[in-house]
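These notes concern the structure reproduced below.
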Amino acid sequence: MSNTIIDNVVFAYVKIQSPVNKYQSTDSEFTVDCVVSKAQAKEWNKAFPKQKAKVVENDEFTDKFKMELPFPDQDEQYVLKLKKPHIKNGKELDQRYRPRVFLATDGEPKDITFDTLPANGSKGKAAYTVRSNDFGTFSQLDSILIEDLIEYKSGAVVGGAFGVTSVAEAPAAKVVNKQTDATGSSTSASTPEAKPTQGSGKKATGVITDVDDSSDPF
């Protein structure tokens, strides 16, 4: 199964490093929003009539996607959402086939899936495969190549209003227990904070293997 590449993509909400739950489901998936030109969206809609590009008015786009208009000369922005199952019907995707994030270099692209999170506004290419069944023809996320990286930085720290970018590590917390002495008076005694017990998380069983083992499209 061959890969198809979309050029000149502006990425948003890249959820490849950590998959997310599907709506009202325990299944999860990898997703990425790809903002493309109107012409690209038109071709996409012809190829995937059941996965049409989402049209977002310009005055709504900036607030929703937290970045400048990728195509300011257009009246609307067009967003393709590429997906791939992570856990489907209780079966987890074989890790060999999980989507990847690559960073363009002078040589072979570098895999940055697990150490760098692209922020909205990063630019590059997206690769997908095509699948057909009784319900129609659908795209499935393969990987993305970042050519212009904006690295995501986690939320603001306390004191950000003063220009603070980092804070000191807090000392280990202590739990204060009230005790009653021999006279009936209340006293306080500090004890080390209790260590949390390890929970028994549920683990998905089985592995999805019905996925094409194609080579890196980039």
Side-chain angles (χ1 to χ4, degrees), residues 1-36 40-41 43-54 79-105 107-120 122-152 201-218:
M1 191 178 299
S2 62
N3 292 291
T4 302
I5 295 176
I6 311 173
D7 294 314
N8 302 318
V9 174
V10 179
F11 296 107
Y13 300 115
V14 178
K15 299 173 183 178
I16 295 178
Q17 186 180 93
S18 301
V20 294
N21 283 347
K22 297 179 66 174
Y23 180 66
Q24 293 185 339
S25 173
T26 56
D27 288 346
S28 55
E29 59 188 359
F30 304 97
T31 69
V32 57
D33 287 347
C34 302
V35 189
V36 298
Q40 287 175 301
E43 291 300 314
W44 177 272
N45 290 346
K46 290 180 181 178
F48 304 104
K50 294 190 176 181
Q51 285 183 311
K52 288 187 176 182
K54 182 177 181 180
V79 185
L80 315 177
K81 184 177 286 290
L82 294 178
K83 305 178 182 181
K84 191 170 192 176
H86 169 240
I87 295 178
K88 184 176 182 179
N89 298 326
K91 294 182 179 181
E92 184 174 353
L93 178 71
D94 188 316
Q95 291 300 301
R96 293 175 296 173
Y97 307 128
R98 68 169 292 149
R100 298 280 175 164
V101 178
F102 296 101
L103 178 65
T105 68
E108 180 179 343
K110 178 184 177 183
D111 187 347
I112 60 171
T113 306
F114 305 107
D115 53 40
T116 303
L117 184 60
N120 292 3
S122 295
K123 301 176 182 178
K125 302 176 180 180
Y128 65 91
T129 56
V130 178
R131 291 174 171 270
S132 297
N133 55 35
D134 294 339
F135 300 100
T137 300
F138 303 90
S139 67
Q140 187 174 88
L141 172 64
D142 178 86
S143 52
I144 66 173
L145 176 70
I146 304 296
E147 297 172 315
D148 184 0
L149 174 67
I150 301 175
E151 187 173 354
Y152 176 80
K202 293 184 179 179
K203 184 177 182 181
T205 58
V207 175
I208 298 175
T209 57
D210 183 21
V211 181
D212 174 50
D213 188 11
S214 56
S215 58
D216 171 18
F218 306 114

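Please read all numbers here as calculations on a predicted model, not as lab measurements. Values below: all heavy atoms of this structure, side chains included; hydrogens, waters and symmetry mates excluded.
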Requested in this report: Would you check if the side chain of Lys50 reaches a backbone N or O of Phe135 as a donor-acceptor pair within less than 3.5 Å?
Outcome: yes
State, yes or no, whether a side-chain contact exists between [X] and [Y] at a heavy-atom distance under 4.5 Å.
| X | Y | value |
| --- | --- | --- |
| Ile150 | Asn120 | no |
| Ser122 | Val14 | no |
| Asn21 | Thr26 | no |
| Tyr128 | Lys83 | no |
| Thr4 | Ile6 | no |
| Glu92 | His86 | yes |

Let me confirm one number: the [atom1]-[atom2] distance from [X] to [Y], rounded to the nearest 0.5 Å.
| X | Y | atom1 | atom2 | answer |
| --- | --- | --- | --- | --- |
| Phe30 | Lys15 | CZ | NZ | 13.5 Å |
| Leu149 | Glu147 | CG | CD | 11.5 Å |
| Glu29 | Ile16 | CD | CD1 | 12.0 Å |
| Phe102 | Lys125 | CZ | NZ | 13.5 Å |
| Leu145 | Phe11 | CG | CZ | 7.5 Å |
| Gln51 | Thr137 | CD | OG1 | 9.5 Å |

Do you know which two heavy atoms are closest between [X] and [Y], and how far apart they sit?
| X | Y | answer |
| --- | --- | --- |
| Asp115 | Gln17 | N-NE2, 3.9 Å |
| Pro99 | Thr113 | O-CG2, 4.2 Å |
| Pro118 | Val101 | CG-CG1, 3.9 Å |
| Arg98 | Leu93 | CA-CD2, 3.5 Å |

Requested in this report: Please say whether more than 12 non-hydrogen atoms of neighbouring residues, nucleotides or ligands are located less than 6.0 Å from NZ in Lys81.
Outcome: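 Count over threshold, so yes.
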**Report entry** CA sep, side-chain torsions, deciding dist, call: Lys91, Lys88, side chain to side chain contact (heavy atoms under 4.5 Å, CB included)
**Finding:** CA-CA 5 Å; Lys91 294 182 179 181; Lys88 184 176 182 179; 5.8 Å; no
Report task. Check the pair Val36, Val9 against side chain to side chain contact (heavy atoms under 4.5 Å, CB included), reporting the backbone distance first and the verdict last. Result -> CA-CA 5 Å; Val36 298; Val9 174; 4.3 Å; yes
Report task. Walk me through it: do Lys22 and Asp27 pass the test salt bridge (charged side-chain N to carboxylate O under 4.0 Å, His left out)? Result -> CA-CA 6 Å; Lys22 297 179 66 174; Asp27 288 346; 5.3 Å; no
